[in-house]
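To start, the structure itself, in structure tokens.
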Amino acid sequence: MFLDPTFVLLIPAIILAIWAQNKVNSSFSRYSKVKSSFGMTGSELARHLLDSAGLYNIKIENIKGKLTDHYDPKKKVVRLSESTRNNLSVAALGVVAHEIGHVIQDKKNYTPLVIRNAFAPVANIGSGLSWIIFIIGFLFWSPILVRLGIILFSLVVLFTLITLPVEYNASNLAKRMLTRLGMPKKEVVAVNNVLSAAALTYVASTLMAALQLMRMIFLSGFIGGDS
């Protein structure tokens, strides 16, 4: 099963994922060498943007790794990575502003974000169990388990689809905030390049999930036809 011909369905997504990740790394590396005219580090920008929006209760914490930045809506914390928090570059400020964009979404109860946050636990269950149930069903020739695995993985696909507007909107908010703050157009263009590259990784994840679902449905035909 693991070497079945349906694996070729995943090739477009694999190629896109590799290309997107390389683009993110190259874009961030390139614009990490361009110091922003703001003269602020990532953590300083984050605090400034949060305070400007009246979000004094949102904390800023450090997190290890490169580009592991994220906003935790449950704990109301923005976590900045080693590659952005003390960085003065255009690339770092763009990534930080994107995470503050998520905070703004949370404040305004941005519908796609509300749906994604509510859907996340269900998607996590689907991600962890779908293939296990599907493979067990396939091995023991159980159409019911195979279909259950497909249904659970469908939740994962739905979650990735919901994530796309959330990420693109956060990037748009980031660019608007930086523009209002007075960032020169040339630097905003650089931020856009970095965030657009990052968005491609989410597109690649969505495509991968969708093609995996197609693969599962195709494989289920071998059992469904005899049920």
Side-chain angles (χ1 to χ4, degrees), residues 12-32 36 42 45-46 49-50 52-53 55 58 66-74 78-81 83-84 89-120 122-124 127 154-181 183 185-213:
I14 293 172
I15 293 174
L16 178 59
I18 294 173
W19 180 72
Q21 192 58 54
N22 286 337
K23 190 171 179 62
V24 169
N25 291 335
S26 62
S27 296
F28 188 82
S29 177
R30 175 184 177 185
Y31 293 111
S32 285
S36 171
L45 175 68
L49 292 176
L50 290 171
S52 296
L55 295 164
I58 303 297
K66 179 181 179 181
L67 297 180
T68 50
D69 308 70
H70 65 276
Y71 169 57
D72 185 337
K74 290 184 178 180
V78 174
R79 298 190 177 96
L80 302 182
S81 68
S83 54
T84 63
S89 72
V90 172
L93 299 192
V95 171
V96 169
H98 174 90
E99 297 309 325
I100 303 305
H102 285 310
V103 184
I104 300 299
Q105 290 174 334
D106 190 24
K107 176 187 178 182
K108 296 182 177 180
N109 291 317
Y110 178 59
T111 301
L113 179 66
V114 173
I115 295 174
R116 187 182 75 166
N117 289 343
F119 200 72
V122 179
N124 287 335
S127 178
S154 296
L155 301 178
V156 177
V157 175
L158 184 57
F159 181 77
T160 63
L161 288 170
I162 296 171
T163 296
L164 289 178
V166 174
E167 295 301 328
Y168 276 100
N169 179 260
S171 291
N172 289 332
L173 288 172
K175 288 178 283 187
R176 287 202 291 269
M177 286 188 288
L178 293 174
T179 298
R180 285 198 297 267
L181 200 58
M183 178 174 276
K185 185 176 181 180
K186 184 177 181 181
E187 293 183 16
V188 175
V189 170
V191 166
N192 181 65
N193 289 337
V194 173
L195 297 183
S196 294
L200 280 176
T201 62
Y202 291 99
V203 174
S205 295
T206 301
L207 179 60
M208 176 66 78
L211 292 178
Q212 283 280 27
L213 181 60

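Worth saying up front: this structure is predicted, and the values here are computed from it rather than measured.
- Scanning for side-chain contact (heavy atoms from CB on, under 4.5 Å) contacts around L155 gives F119, V122, L152, with sequence neighbours left out.
- T160 meets the side-chain hydrogen bond (donor to acceptor under 3.5 Å, both in side chains) test with no other residue; sequence neighbours excluded.
- Checking side-chain atoms of D69 against main-chain N and O of L80 turns up no donor-acceptor pair under 3.5 Å.
- In this structure, K107 contributes its side chain and A53 its backbone to a donor-acceptor pair below 3.5 Å.
- Partners of N169 according to the side-chain hydrogen bond (donor to acceptor under 3.5 Å, both in side chains) rule, which considers only residues two or more places apart in sequence or in another chain, are Q105.
- Residues satisfying the side-chain hydrogen bond (donor to acceptor under 3.5 Å, both in side chains) criterion with D72, sequence neighbours excluded, are R79.
- Here salt bridge (charged side-chain N to carboxylate O under 4.0 Å, His left out) pairs that include residues 154-173, with residues two or more places apart or in two chains, are R116-E167.
- Side-chain N or O atoms of N22 include one that pairs as donor or acceptor with a backbone N or O of I18 at under 3.5 Å.
- The two residues V96 and A46 come nearest to each other via the heavy atoms CG1-CB, 3.6 Å.
- Here the shortest heavy-atom pairing between V157 and A209 reads CG2-O, 3.4 Å.
- In plain terms, the two heavy atoms of G94 and A174 that are nearest each other are O-CB, 4.5 Å.
- Applying the salt bridge (charged side-chain N to carboxylate O under 4.0 Å, His left out) test to every pair with at least one member in residues 168-181, sequence neighbours left out, gives no pairs at all.
- Expressed to the nearest 0.5 Å, how far CG of D106 lies from CD1 of I100 amounts to 11.5 Å.
- Of all heavy-atom pairs spanning V156 and A123, the tightest one is CG2-O, 3.7 Å.
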